Protein chains: 2
Amino acid sequence: MHADADIPTEIQRALTEFLDVQQTRLAEIGPELTEVVQAARDATSGGKRLRPSFCYWGFRAAGGDPREPILTAAASLEMLHVSALVHDDVMDSSDVRRGAPAAHKRFEALQRARSEASGLGADPVGFGLGAAILLGDLCLIWADEMLHTSGFDAAALAAASKFFDAVRVEVTAGQYLDLVAQASGESDMDRALRVLRFKAATYTIERPLHIGAALGGGGQHLVDSLSAYGLPLGEAFQLRDDLLGVFGDPTVTGKPAGDDLREGKRTVLIAYAVDHASEVQLAEFDRLFGRPDLGDDEIQLLREILQDSRAVQACEDLITERTEDALDALDRAPIEDEAARKALADLAVAATSRKL
Amino acid sequence: MHADADIPTEIQRALTEFLDVQQTRLAEIGPELTEVVQAARDATSGGKRLRPSFCYWGFRAAGGDPREPILTAAASLEMLHVSALVHDDVMDSSDVRRGAPAAHKRFEALQRARSEASGLGADPVGFGLGAAILLGDLCLIWADEMLHTSGFDAAALAAASKFFDAVRVEVTAGQYLDLVAQASGESDMDRALRVLRFKAATYTIERPLHIGAALGGGGQHLVDSLSAYGLPLGEAFQLRDDLLGVFGDPTVTGKPAGDDLREGKRTVLIAYAVDHASEVQLAEFDRLFGRPDLGDDEIQLLREILQDSRAVQACEDLITERTEDALDALDRAPIEDEAARKALADLAVAATSRKL
């Protein structure tokens with residue numbers, strides 16, 4: 001493919017081709033499996049393709065040849081991401097994803113319709129939960145299969161698999177920290193920062209860059225430089241995402257306004273607010289935060305506490321600072337391909353801008 | 001290692017060594033992760049090590065050199081199995097596994113204790129569910145990492161990964177068919193047979209043999225012969241397991257007596273009974289089957305229906321027939337190593353015996 005190919009389009013093509021093959025394979029096991037493949041198709045449609053984009057440009061930064069099957073390999077990160085999203089929505093009981101029903105709600109509706117048609121069967125909620133767990137498992141397995149059947153040679157795959165193993169473990173570990181944080185009922189800035197790093201920063205930016213660089217034959221110096229760019233940028237990206245989870249426009253985020261406040265997500269934003277709120281604000285915050293039934297007025301109240309405690313400004317400052325660190329590191333990175341350098345600079349802005 | 005090494009002990013050693021490395025790695029992300037590794041240690045302790053054993057003897061059947069790291073590679077199948085069990089217990093709401101609390105109950109208790117100690121936090125059930133999903137994800141990731149870092153060369157791993165991809169997808173697909181079957185409220189012999197095949201037979205015996213044979217350099221003729229042995233044996237094994245799920249001694253199975261009847265597992269045994277029961281038996285069956293609160297007397301009543309409809313005898317006959325088919329195929333298989341031949345014959349008996 002051409003160096004200036006439309007990455008999202010190519011990623012979509014790679015995912016569709018892969019799922020076409022899987023559909024044929026699964027149909028041999030049973031016609032029922034078509035509904036799982038369809039759910040995977042829908043779940044892998046849309047999205048910003050951030051992880052594959054960073055993977056692609058990491059590859060180019062290493063001087064990788066764009067005629068290699070890098071976009072199929074990069075698409076494996078989208079499959080991994082969908083696996084994490086599907087399981088995350090089950091864990092958070094989030095019913096909406098990218099403006100559509102989350103996987104467990106989709107399977108629940110499927111089973112409810114089936115059960116009403118036949119007059120038999122029950123427990124559509126349990127079916128939805130189980131089917132979503134299996135869909136997430138399948139996407140996790142498929143991510144690995146997509147990468148190692150992408151067409152790269154054994155040496156390139158061996159170099160990449162070290163980072164692919166790392167990112168899979170890190171994002172799962174980060175999710176566990178997040179779960180502990182949410183269940184604790186406590187706000188802990190240290191833990192919020194570790195969740196930020198492992199659930200988001202390494203996963204969204206640093207490791208995709210590493211995987212791409214390894215596939216492109218990049219050495220340790222490039223890998224380190226990509227960390228110096230990718231880690232602070234990943235943190236800035238997630239801080240922006242956390243702000244959008246509270247203040248974002250539902251038509252842009254694809255999730256109901258203030259959903260993170262109903263879920264009780266213990267982000268850095270929240271940890272800062274709790275550390276700096278007045279006693280009155282704190283009492284109000286504790287009364288409302290994490291209640292699934294929050295109305296618009298209560299969401300607004302929580303937003304005001306986040307503003308007044310200067311948590312929002314602190315996050316904005318951090319985003320600016322981390323993004324600048326990333327761009328400085330990019331300036332120093334040993335990247336010869338000027339297109340890659342420019343693309344990584346543009347991605348830094350896109351990943352942290354207010355409208356994402 | 002020596003050819004006659006104690007396989008279960010070596011599998012345990014490989015799992016422990018791998019988890020020691022993972023514990024160090026996860027401790028860098030956060031001390032909270034130690035509890036996840038501990039859960040993985042407990043979940044991978046015990047069990048019959050059937051899948052690693054078949055993998056090992058498939059390797060030997062192919063003439064593989066026992067000084068190769070086959071037992072580490074074989075242990076990856078135990079890790080995969082634990083992933084499936086952990087997620088399966090969440091989906092079935094099974095609270096007991098191998099005589100101990102299932103993973104989600106274990107994490108639930110952990111969170112309950114934490115929350116009582118701090119006076120903060122809530123929803124231990126949700127925490128248990130989320131943590132068990134993540135533990136299963138981690139074991140699925142680790143299974144792959146164990147295999148491809150086992151020490152085999154790239155060519156052997158490439159040959160094995162085809163079968164490893166197949167088994168991971170098949171078992172997940174089989175689980176989905178099982179979920180559809182359980183949710184349907186209908187008994188369907190065709191679907192029960194497909195669940196038998198893909199959730200159990202290929203997964204427990206055929207594919208582990210294939211993975212071992214591929215690592216040992218075995219060709220297509222051996223792979224086909226191992227299918228001819230492994231598929232019918234896998235079905236016989238699962239039919240025995242289904243009988244034990246209804247009639248087994250809890251001190252041997254590690255699960256409460258009759259648990260499969262409370263869960264409403266739509267096995268071949270159940271499908272046969274429904275096809276052959278009298279109208280009166282069927283009415284009684286429908287009233288009781290799948291009710292989570294069944295008492296001892298009701299379990300006994302369901303057992304009698306299974307006996308009287310001759311479903312039990314039909315399953316016993318199938319087990320005998322399939323095991324004989326497997327042993328006949330073994331006689332014809334191109335296996336030069338007599339120790340491997342004898343071990344596979346012994347495993348056939350062990351995997352289908354009444355006491356398993």
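What you see is a predicted model; the values in this text were computed from it and never measured.
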Inset, instruction - Look only at the side chain of Gln175(A) and the backbone of Leu134(B), and say whether a donor-acceptor pair between them is shorter than 3.5 Å. - result: no
Legend entry - Backbone of Ser184(B) reached by a side-chain donor or acceptor of Arg114(A) within 3.5 Å: no
How many angstroms lie between atom [atom1] of [X] and atom [atom2] of [Y], to the nearest 0.5 angstrom?
{"X": "Leu138(A)", "Y": "Tyr176(B)", "atom1": "CG", "atom2": "OH", "value": "11.0 Å"}
{"X": "Met146(A)", "Y": "Asp165(B)", "atom1": "CE", "atom2": "CG", "value": "12.5 Å"}
{"X": "Glu145(B)", "Y": "Phe164(A)", "atom1": "CD", "atom2": "CZ", "value": "11.0 Å"}

Inset, instruction - Considering only NZ, NE, NH1 and NH2 on the basic side and carboxylate oxygens on the acidic side, decide whether Glu32(B) and Arg194(A) come within less than 4.0 Å. - result: yes
Tell me, out of [options], who's got the most heavy-atom pairs with chain A below 4.5 Å.
{"options": "Ala143(B), Gly136(B), Gly130(B)", "answer": "Gly130(B)"}
{"options": "Leu129(B), Asp123(B), Val169(B)", "answer": "Val169(B)"}
{"options": "Ile29(B), Thr172(B), Leu26(B), Val180(B)", "answer": "Ile29(B)"}
{"options": "Asp190(B), Leu157(B), Leu177(B)", "answer": "Leu177(B)"}

Sort [X] into side chain, backbone, both or neither according to what part of it lies under 4.5 angstrom from a heavy atom of chain A.
{"X": "Arg25(B)", "answer": "side chain"}
{"X": "Ala158(B)", "answer": "neither"}
{"X": "Glu170(B)", "answer": "both"}

Legend entry - With sequence neighbours excluded, residues passing salt bridge (Lys or Arg N to Asp or Glu O under 4.0 Å) with Asp144(A): Arg168(B)
Legend entry - Residues of residues 75-95 of chain B near chain A, each having a heavy atom less than 4.5 Å away: His87(B), Val90(B), Met91(B)
Legend entry - Part of Phe198(A) lying under 4.5 Å from any heavy atom of chain B: side chain
Inset, instruction - Work out which heavy atom in Leu179(A) is nearest to a heavy atom in Ala131(B); give both atom names and the distance. - result: CD2-N, 3.2 Å
